[in-house]
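Accompanying notes for the structure given below.
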Amino acid sequence: AQSVTQLDSQVPVFEEAPVELRCNYSSSVSVYLFWYVQYPNQGLQLLLKYLSGSTLVKGINGFEAEFNKSQTSFHLRKPSVHISDTAEYFCAVSAGFQKLVFGTGTRLLVSP
Amino acid sequence: DTAVSQTPKYLVTQMGNDKSIKCEQNLGHDTMYWYKQDSKKFLKIMFSYNNKELIINETVPNRFSPKSPDKAHLNLHINSLELGDSAVYFCASSQGTDSGNTIYFGEGSWLTVV
């Protein structure tokens, strides 16, 4: 069965610093991986997804993620964060038939 | 224009009551979902419908009954509400059932059972 582990429940960072949010997955089939962002009191918005091809995936708002099959990881990165990036970030793996299995989320806290 | 809209956004109700949450999508998608987010922010799929037919039912208590009158709507009715039903319920949609398709989420319905 597919599963996702987000190793950090909270990541505090200063504005304009780089950030990496970690995600490891477990899957017995072909992997489709996703990162979603949830701003306070809002729904989830897709940041980026990996289906196949290049292991470096670029998304919206300057985020990117790298698929690493040998380490079963899909870490999310941004070279310079803004206050507005403060949100909850969810990694997810597709478990077939469009069933997304989510990690427990990482709260990114950006301070001035 | 909201792509996936759900109502109500906030709902406070007493134990034992019956309530419904409505969802509509204007994206022309043929697959719709209900996800539940608990107090620890954990998200889990409840149901999935494709062309009005149920394709995923994740062992949800049968007090929860989804209904899809057409491809653009998926409503969630909950009978005999319990304290543990307090959560945020997200409606979502996608085009088709291919695992790589993007799922678009609504803004959530905050249900509090007292």
Side-chain angles (χ1 to χ4, degrees), chain A residues 1-6 8-11 21 23 25 27-54 57 59-60 67 74 86-109, chain B residues 2-10 21 23 25 27 29-51 53-60 74 87-110 112:
Chain A
Q2 285 81 1
S3 66
V4 171
T5 302
Q6 291 184 246
D8 305 301
S9 60
Q10 190 166 289
V11 173
L21 306 183
C23 172
Y25 68 91
S27 176
S28 57
V29 297
S30 295
V31 173
Y32 297 140
L33 293 158
F34 304 78
W35 274 100
Y36 279 84
V37 60
Q38 183 180 24
Y39 297 105
N41 295 328
Q42 293 188 26
L44 285 85
Q45 179 182 9
L46 181 71
L47 276 177
L48 48 81
K49 63 181 179 182
Y50 171 78
L51 303 182
S52 64
S54 173
V57 181
I60 62 171
F67 172 64
F74 190 54
T86 294
E88 195 87 23
Y89 291 80
F90 292 93
C91 183
V93 63
S94 181
F97 274 106
Q98 278 286 44
K99 174 184 168 183
L100 285 179
V101 174
F102 284 89
T104 49
T106 297
R107 176 167 291 185
L108 177 63
L109 291 169
Chain B
T2 304
V4 181
S5 59
Q6 46 184 117
T7 55
K9 182 157 186 173
Y10 301 101
I21 306 172
C23 179
Q25 54 92 5
L27 297 168
H29 291 164
D30 57 6
T31 305
M32 295 187 72
Y33 313 80
W34 280 108
Y35 277 80
K36 179 181 179 180
Q37 186 175 45
D38 64 22
S39 58
K40 295 184 179 179
K41 300 268 185 177
F42 183 63
L43 269 158
K44 189 175 179 187
I45 192 168
M46 299 172 69
F47 302 102
S48 170
Y49 272 73
N50 177 254
N51 285 316
E53 290 195 17
L54 180 68
I55 56 172
I56 294 176
N57 181 341
E58 282 291 294
T59 60
V60 177
L74 180 62
V88 185
Y89 293 86
F90 287 101
C91 179
S93 73
S94 69
Q95 183 54 40
T97 56
D98 288 345
S99 298
N101 291 347
T102 298
I103 296 179
Y104 295 83
F105 286 82
E107 296 208 333
S109 294
W110 271 253
T112 302

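Residue numbers start from 1 in every chain, and the chains themselves are labelled A, B, ... in the order their sequence lines are given, proteins ahead of strands. Everything numeric here is computed off the predicted structure, so don't read it as measured data.
- For the atom pair Q37(B) CD and E88(A) CD, the distance stands at 7.5 Å (nearest 0.5 Å).
- Y35(B) contributes a side-chain N or O that, together with a main-chain N or O of L100(A), makes up a donor-acceptor pair within less than 3.5 Å.
- Residues I45(B) and K99(A) share a closest heavy-atom pair of CG2-CG, 3.8 Å.
- Shown here for F90(A) and K41(B), the closest heavy-atom pair between the two residues is CE2-O, 3.3 Å.
- Here the closest heavy-atom approach between residue F102(A) and residue F42(B) is recorded as O-CE1, 3.7 Å.
- Within 6.0 Å of CD in E53(B) there are 12 or fewer heavy atoms belonging to other residues, nucleotides or ligands.
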Q.
Please evaluate residues F34(A) and I103(B) with respect to the criterion side chain to side chain contact (heavy atoms under 4.5 Å, CB included), reporting the C-alpha separation (whole Å), side-chain torsions for both, the decisive distance (0.1 Å), and the verdict.
A. CA-CA 10 Å; F34(A) 304 78; I103(B) 296 179; over 6 Å; no
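- In this structure, chain B has heavy atoms under 4.5 Å from both the backbone and the side chain of L44(A).
- Between chain B and the residues A92(A), G43(A), S52(A), the largest count of heavy-atom pairs under 4.5 Å involves G43(A).
- Side chains of K49(A) and T102(B): a donor-acceptor N/O pair is present below 3.5 angstrom, by distance only.
- Q38(A) places a side-chain heavy atom less than 4.5 Å from the side chain of F90(B).
- Between the side chain of Y32(A) and the backbone N or O of N101(B) there is no donor-acceptor pair closer than 3.5 Å.
- In this structure, chain A has no heavy atom under 4.5 Å from any part of K44(B).
- Proximity of N41(A) to W110(B): side-chain heavy atoms (C-beta onward) are separated by under 4.5 Å at one or more points.
- Atom OH of Y104(B) sits in a sparse spot, with 12 or fewer heavy atoms from other residues, nucleotides or ligands closer than 6.0 Å.
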